Amino acid sequence: MAKVLMKGNEAIGEAAIRAGCRNFFGYPITPQSEVPEYLSRRFPEVGGTYVQAESEVAAINMLYGGAGVGKRVLTTSSSPGISLMSEGISYIAACELPVVLVNIVRGGPGLGGILPAQSDYHQATRGIGHGDFRLLVLAPASVQEAVNLIYEAFDLADRYRNPVLILGDGMIGQMMEPVEFPPMRPLDSLPEKPWAATGMKDRPQNVINSLYLNEHELNAHNFKLKAKYDQVAREQVRFETWRCDGDLDVLVVAFGTMARIVKTALADFNAAGGRGGVFRPITLWPYPHEQLRETARRAKKVLVIEMNTGQMIDDVRMALGPDREVGFFGRTGGVVPTPDDVLAAIGEVTGKGAAR
Amino acid sequence: MQTEVIMAGFGGQGVITAGYLLAQAALAEEREVTWLPSYGPEMRGGTANCTVVVGDEPIGSPLVSAPKVAVVMNRPSLEKFAPKLKPGGLLVVDSCLIPIRSDRTDIREFRIRADDLAVSAGSRKGANLAMLGALLGILPLVSRETAEKIIGKHFAKKPQFIESNLQAFLLGFEQAKAGKSDE
Amino acid sequence: MKAIFGYPKSLQSRTTHYCPGCTHGVIHRLVAESIDELGLRERTVAVAPVGCSVLAYNYFNCDSFEASHGRAPAVATGAKRCRPDLIVFTYQGDGDLASIGMAEIVHAANRGEKITVIFVNNAIYGMTGGQMAPTTLPGQVTSTSPFGRDTELAGWPIRVAELLATLRGKAYIARVAAHTPLLTIKAKAAIRRAFDLQRRDECFTFVEVLSTCPTNWGMTPNEATEWLERNMMPYYRLGVLKEPGDFVPYSVERG
């Protein structure tokens, strides 16, 4: 199939359809509203159903219902909306329902702003709801990667019976890039879900439930989930290294669109005689701790750059240990660091300037 | 080799569309390209802009602090983006609408009466395409033929606009190619 | 020999945790009998709430969800929209539906979701131990209205059936009670009609059932029944508030 030029948000919608999703439940919020807009006009062509929920709280519970009857379901939102969904996400994880969530992050806290940010890293990887659970968190850096990850996210969600979160930002949502779509999944090729609540015929009752009034049963359930998360951590760690061969003056750790901006800056840094590389985690959970530790061995300096005040840096510190110094540069609230800003930050930690 | 272009003006002047057409033309020529619009409240009545990056290698930042090119269709956009241009950069100005000049001496400023050209081409609405034509007349980021094909395709559902838009594009293109900057 | 009375197939054969004198058990049975009689059990999905009936999935013998507090209509919406061939019903109390879940019930009704909602109104929070509910009557003493509900401070009890009946769309909305044999027969008819309308893909269906809570009202079952008759029934009038046939097409409304 030929490449088409498409906005990230619309491409996310199309990728979900290609993956066999025919049910979307959501609520408008900038900067992701093009996803529901796209699906509300595209679904009638493929036999899908778009429901505009009365709130994000309702939307996530509709997802719970839709996933519980065995269908591939999607919602997309942005930071404050994801906060409202957090209770429902906890129920979904507890009930081991496969759903795909997209957070096109905007600046917070509070009502914040609507411009690109990465300030929901902690929320996504640590604290998206109450209780002991994990989401798979995937962070695309381009529209094409967003498409590929959404397409795969539905399979991952089904395989592990777990919610998968795509963490993008306003840039991913609003940007247009050439993109090639994977083929349309035939709906009859989607996995069977014998656990779903689809009506009892000749089998015992299926109940989608997270209530365990017996403490030992709840304890056992939580350790069953833990074993699953351990398996995900063994099987699904993903990352990209860029210009990381040989010894490095600096290894910059960045995720999502921020990593692209860093690459632009490092191209100039390297052209001026520096040696810099990028380590870009693609799975923010499970985080590529070991792979980062290995790559960082060859770097004189490690610099973390994020569109927040320092959140992923916790994972970097966890990977590198307390003895390793880790530099940080960040901007928030929709102030996107420019390649010049990044170059200046790199100059500061390496002592090597590179004029642009 | 990559070129960053910011297209800016009032909402409704068609700068977002002009940038989109440039991006489509770049894709048609199998170049790497990103298109990033300004979004949010600034779209509501204020100035609008989009950034198009065209290159031969995968594009890093879709967001540009110092573009090589700015195509401006109102005064606030000139005041905002002219100071940010890279030395040696190109500023394309609709001189019908912008009485002032940039005070930069290290860039090329090309002034063109895009609004007038569009009116003479049949519709004032084509000023954005006269500006795109002027840009491509100076800097052949994509070929004229590709651009014309993309414009024709874009307006396929409104065929009454195709001719005036193509004509506006051509007038801008030819004036720029001839290097005739207006005052 | 012919069996003329037995356990509905749509109920599991086990003892409930409901208090003596509470009508939840009766209402469960009415729902189960309706599902049985209409032959729907094999494609029915129940959505249990948070409240006294939180364990309803242990009593209904059909596939089930346990929803978060107040969100059962949203869960039912998701299930029904994804699988329109299923029969989906929620079973909710007054705290769940009329307080925390007010947005979900109003919007599910307004979208005309083809689900059935069984709303059990006993004018109090039962599971948490007798606090004031949105449906608690003026002057009614509860653990959080120890001097009686003061409408100046806490507002008036919400008549949910009337409220939903004001919505423009097609719906079946009724209020019944289940504390006497005659009323129970009428309640059964309303519940069965609601499921039948869903079976025919007709409209949103909602049956409010007035119920007693002897434990938290601090009464014997007989006193509770009398209290319901004397206090609740004058405020919450029984009857059918809306029939699908009442629906007026937009073109007719505009003349």
Side-chain angles (χ1 to χ4, degrees), chain A residues 21-25 27 43 48-75 84-92 94-95 97 99 129-130 193 195-213, chain C residues 9-12 17 35 39-50 54-88 90 100-113 115 127:
Chain A
C21 170
R22 294 292 181 275
N23 294 94
F24 177 93
F25 305 93
Y27 188 82
F43 263 155
T49 304
Y50 165 80
V51 178
Q52 186 155 318
E54 58 271 31
S55 67
E56 286 90 349
V57 175
I60 194 69
N61 283 286
M62 291 175 184
L63 233 62
Y64 178 79
V69 297
K71 294 295 181 180
R72 289 193 157 181
V73 290
L74 172 74
T75 193
L84 277 173
M85 291 183 184
S86 67
E87 182 200 35
I89 295 171
S90 172
Y91 277 66
I92 285 169
C95 293
L97 296 180
V99 305
H130 61 283
K193 296 178 179 173
W195 45 264
T198 52
M200 284 166 77
K201 289 185 184 70
D202 306 318
R203 59 155 171 77
Q205 182 193 32
N206 282 343
V207 182
I208 308 296
N209 178 31
S210 60
L211 178 65
Y212 293 84
L213 291 171
Chain C
K9 266 196 92 178
S10 296
L11 275 188
Q12 300 185 37
H17 69 289
I35 293 170
L40 302 175
R41 192 186 72 91
E42 292 192 344
R43 58 186 177 107
T44 293
V45 173
V47 185
V50 171
V54 65
L55 297 172
Y57 54 84
N58 280 340
Y59 309 137
F60 290 118
N61 190 26
C62 61
D63 279 0
S64 305
F65 282 88
E66 163 45 39
S68 59
H69 199 21
R71 315 302 171 211
V75 175
T77 296
K80 186 77 180 183
R81 292 292 189 116
C82 285
R83 286 285 307 268
D85 55 316
L86 297 178
I87 299 294
V88 182
T90 73
I100 194 168
M102 191 53 115
E104 282 73 16
I105 188 59
V106 169
H107 284 277
N110 193 50
R111 285 190 304 268
E113 298 297 344
I115 59 173
M127 187 180 73

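These values consider heavy atoms only, across backbone and side chains, with no hydrogens, waters or symmetry-generated copies. Sequence lines set the chain letters: A, B, ... in the order given, protein chains first and strands last, and positions in each chain run from 1. This is a predicted model, so every value here is computed, not measured.
Contacts of A:L211 with chain C are made by both backbone and side-chain atoms, with heavy-atom separations under 4.5 Å. Within the 4.5 angstrom heavy-atom criterion, atoms from both the backbone and the side chain of A:T198 approach chain C. Only the side chain of A:F25 comes within less than 4.5 Å of a heavy atom in chain C; its backbone stays farther off. Residue contact with chain C, scored on non-hydrogen atoms closer than 4.5 Å, involves the backbone of A:A196 exclusively. Heavy atoms of C:L55 lying under 4.5 Å from chain A belong exclusively to its side chain. For A:R22, no part lies under 4.5 angstrom from a heavy atom of chain C. Interface remark: A:K71 contributes side-chain atoms only to the contact with chain C (heavy atom separation under 4.5 Å). Using a 4.5 Å cut-off between heavy atoms, C:S68 touches chain A through backbone and side chain atoms alike. Residue A:S90 does not touch chain C at all, counting heavy-atom pairs closer than 4.5 Å.
Within 6.0 Å of atom OH in A:Y50, more than 12 heavy atoms from other residues, nucleotides or ligands are found, so the atom counts as buried in its surroundings.
Here A:L84 contributes atom CG and A:I89 contributes atom CD1; the two are 10.5 Å apart, rounded to the nearest 0.5 Å.
Residues A:M62 and C:E104 form no side-chain contact, since every pair of their non-hydrogen atoms from C-beta on lies 4.5 Å or further apart. For the pair C:F60/C:L11, a side-chain contact is recorded, criterion being any heavy-atom separation below 4.5 Å from C-beta on. Two residues are said to be in side-chain contact when any heavy atoms from C-beta on lie closer than 4.5 Å; A:R203 and C:D63 meet this criterion.
Taking the side chain to side chain contact (heavy atoms under 4.5 Å, CB included) definition, one finds that C:N61 meets it with A:M200, C:Q12, C:R41, sequence neighbours left out.
For residues 76-83 of chain C, the interface with chain A (any heavy-atom pair closer than 4.5 Å) comprises C:T77, C:G78, C:A79, C:R81, C:C82, C:R83, sorted by residue number.
Aromatic pair A:F24/A:F43: ring centres not closer than 6.0 Å. A centroid separation of 6.0 Å or more is found between the aromatic rings of A:Y91 and C:H69.
C:A67 and C:V75 get closest at one heavy-atom pair: CB-CG2, 3.9 Å. Nearest heavy atoms, A:Q205 versus C:S64: NE2-OG, 3.5 Å.
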